[in-house]
Amino acid sequence: MPELPEVEILVRHLAPLLKGKTIRGVEVRHARVLRPTQPAQLSHALNGAVFVNLIRRAKYLMFALRRADGKGTFLLAGHLGMTGRMFLQPAGAPLPRHTAVALDLGRQRFIFEDTRRFGRFTLDLSAQRGLGPEPLGKEFTVEYFAAALKRSSQGIKIKLLDQSLLAGVGNIYACEALFAARVSPRLAARKLTRDQVRRLWRSIRQVLVKAVEFGGTVSLDWTGRTNDGGVFYYGNAGSPPDFYEERLQVYDRQGRPCRVCKAPVKRIVQAARSTFYCPRCQRN
DNA sequence: CACCATGTTCCTTG
DNA sequence: CCAAGGAACATGGT
């Protein structure tokens, strides 16, 4: 479940549950997600540490912890990859099948499960340095966006996935933002007109804000044992919940009628990822 | 068996 | 040095 809105919703959910909690034990079942941190390093840093804050940066969850000796704080970076989940469950409950890391918090256990193990749970913060501005932040201005796009001849869709240009948009919301802006995903980045850049800039923000708002109003089931709970809108067992599917205008809708003009939605491949768009509404 | 999947990172080529 | 393209990572669903 990972793009900016889903991570934002998860962070808002977890922050009040974690703040003030002390980590009493660390169980690493799939060390790969710690890379390059070693399991012993993680255990050493986390044992006895206390959660003091949790924020989102792009698609990362940044956990701020107070050291066990009380002297200073440090950061832990989490990333859900393609299939990651994070949630709390009662201490005695059985660990989910694909648990990568479990933290003993006393009565509860914090679980990071990740089927494909593309996610991260690490003390290494080097990945954050290469991130571009937050799409919903002040630094992401139309001027910045326009200037950045001028430097590339790649399709605009590919640039929206470039985390060094803007951080947090993924494949679904890239497609949705382009549809909302009525810009073709294949248009070379440097060929966008000023008006197209402005429309796309607004659409990116609008699509993300609406997704966060929507996720925020749904009652969530965060036990982690259900497949339809919360904002876990895709993947895992079961079908995508209707409530979410209706929100998507083009993503995963190839062959189905465009909700605006009824033309069949098209699927193409760009940079080895699927792109969905309406060939009539997004004709450039 | 084939192809597809919300993401990043590394390697190669130009 | 950079931009761009492709494979790799690992598992499961259809």
Side-chain angles (χ1 to χ4, degrees), chain A residues 1-11 29-37 56-61 77-86 96-100 112-122 124-132 135 148-178 186 188-190 204 207-208 211-212 214-215 227-241 244-245 247-255 267-276:
Chain A
M1 73 154 220
E3 283 189 42
L4 184 153
E6 292 75 31
V7 178
E8 177 66 28
I9 290 159
L10 177 59
V11 162
R29 306 187 51 164
H30 290 295
R32 165 172 231 276
V33 304
L34 309 189
R35 64 195 182 283
T37 299
R56 179 191 60 73
R57 169 71 175 111
K59 302 173 194 172
Y60 289 86
L61 298 96
H79 193 293
L80 300 170
M82 297 272 264
T83 53
R85 291 175 160 195
M86 292 182 190
R97 178 130 105 118
H98 297 292
T99 298
F112 173 34
E113 73 162 328
D114 186 0
T115 306
R116 291 169 74 180
R117 310 202 279 277
F118 289 177
R120 301 285 290 274
F121 200 72
T122 183
D124 172 38
L125 307 179
S126 57
Q128 277 73 48
R129 290 184 313 168
L131 295 173
L149 295 182
K150 281 295 174 219
R151 286 181 240 123
S152 175
S153 55
Q154 275 186 311
I156 180 63
K157 153 70 177 346
I158 296 168
K159 299 314 286 182
L160 293 186
L161 298 181
D162 181 347
Q163 302 296 299
S164 70
L165 197 155
L166 127 174
V169 173
N171 208 33
I172 294 177
Y173 295 109
C175 294
E176 295 297 314
L178 284 162
R186 322 153 65 119
R190 65 161 59 112
I204 289 165
V207 159
L208 295 176
V212 173
F214 185 69
N227 294 311
D228 59 337
V231 294
F232 301 126
Y233 58 90
Y234 206 77
N236 300 71
S239 53
Y244 198 92
E245 208 165 29
R247 295 274 144 173
L248 300 178
Q249 303 297 305
V250 286
Y251 184 81
D252 206 17
R253 297 194 72 241
Q254 71 272 35
R267 173 184 177 274
I268 60 172
V269 174
Q270 294 180 289
R273 316 279 316 266
S274 289
T275 297
F276 302 88

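The chains referred to below are lettered A, B, ... by the order of the sequence lines, with proteins before strands, and numbering in each begins at 1. Values below: every heavy atom of this structure, side chains too, minus hydrogens, waters and symmetry copies.
- Contact check, Tyr251(A) against dT6(B): a side-chain N or O comes under 4.0 Å of OP1 or OP2.
- Between Asp114(A) and Arg117(A) there is no salt bridge, since no side-chain N of the basic residue sits under 4.0 Å from a carboxylate O of the acidic one.
- You'll find that the side chain of Ser274(A) is closest to dC4(B), out of dC4(B), dA4(C), dT8(B).
- Considering only side-chain N and O atoms, Arg35(A) lies nowhere under 4.0 angstrom from the phosphate OP1 or OP2 of dT8(B).
- For the salt bridge (Lys or Arg N to Asp or Glu O under 4.0 Å) test, no residue two or more places apart in sequence or in another chain qualifies with Glu176(A).
- With a 4.5 Å cut-off on side-chain heavy atoms, Leu208(A) and Val212(A) do not count as touching.
- In this structure, the side-chain contact (heavy atoms from CB on, under 4.5 Å) partners of Ala167(A), at least two apart in sequence or on a different chain, are Arg57(A), Ala58(A), Leu131(A), Gln163(A).
- Nucleotides dT9(B) and dG12(C) are separated by 23 Å at their P atoms, to the nearest Å.
- The CD atom of Gln254(A) sits 10 Å away from the P atom of dC4(B) (whole-angstrom rounding).
- With contacts defined as side-chain heavy-atom distances shorter than 4.5 Å, the pair Leu80(A)/Phe112(A) qualifies.
- Using a 4.5 Å heavy-atom cutoff, the side chains of His79(A) and Thr122(A) are not in contact.
- If you take NZ of Lys157(A) and C1' of dT6(B), they are 12 Å apart, rounded to a whole angstrom.
- In this structure, CG of Leu208(A) is placed 16 Å from P of dT6(B), rounded to the nearest angstrom.
- For Asp124(A) and dT8(B), the CG to P distance is 15 Å, given to the nearest whole Å.
- When the P atom of dC4(B) is taken as reference, atom CD1 of Ile268(A) falls 14 Å away, rounded to whole Å.
- For the OP1/OP2 pair of dG5(C) and a distance below 4.0 Å, the side-chain nitrogens and oxygens of Gln270(A) include no atom meeting the criterion.
- Within the 4.5 Å cutoff, no side-chain heavy atoms of Phe121(A) are placed close to those of His30(A).
- For the C1' atoms, the distance from dA4(C) to dT6(B) is 23 Å, rounded to whole Å.
- A donor-acceptor contact under 3.5 angstrom links the side chains of Ser274(A) and Arg267(A), judged on distance only.
- For Arg267(A), taking side-chain heavy atoms from C-beta onward, the closest of the listed nucleotides dA5(B), dT6(B), dT8(B) is dA5(B).
- Comparing the P positions of dT8(B) and dG13(C) gives a spacing of 23 Å, expressed to the nearest Å.
- Taking only side-chain nitrogens and oxygens, Ser153(A) comes nearer than 4.0 Å to OP1 or OP2 of dA4(C).
- Comparing Val269(A) and Arg273(A) by the nucleotide of DNA chain B whose heavy atom lies nearest to each, the residue mapping closer to the 5' end is Val269(A).
- Comparing dT9(B), dG5(C), dC4(B) by their closest approach to the side chain of Arg120(A) singles out dT9(B).
- Here dC4(B) presents its P atom at 13 Å from CG of Asn171(A), a figure rounded to the nearest Å.
- Paired regions of DNA chain C, where each region holds three or more successive Watson-Crick or G-U pairs whose two hydrogen-bonding distances fall under 3.5 Å, are B:2-5 with C:11-14, B:7-14 with C:2-9.
- Atom CD of Gln163(A) is separated from atom C1' of dT9(B) by 12 Å (rounded to the nearest Å).
- Close to dG7(B), at under 4.0 Å from its OP1 or OP2, lies a side-chain N or O of Lys59(A).
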Where protein sits on nucleotides 6-11 of chain C, one letter per nucleotide: B base, S sugar-phosphate only, - none, heavy atoms under 4.0 Å
---BBB

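- With sequence neighbours excluded, the residues that form a side-chain hydrogen bond (donor to acceptor under 3.5 Å, both in side chains) with Lys157(A) are Asn171(A), Thr275(A).
- Here dC2(C) presents its P atom at 12 Å from CZ of Arg151(A), a figure rounded to the nearest Å.
- Applying the side-chain hydrogen bond (donor to acceptor under 3.5 Å, both in side chains) test to Thr99(A) and every residue at least two apart in sequence or in another chain returns nothing.
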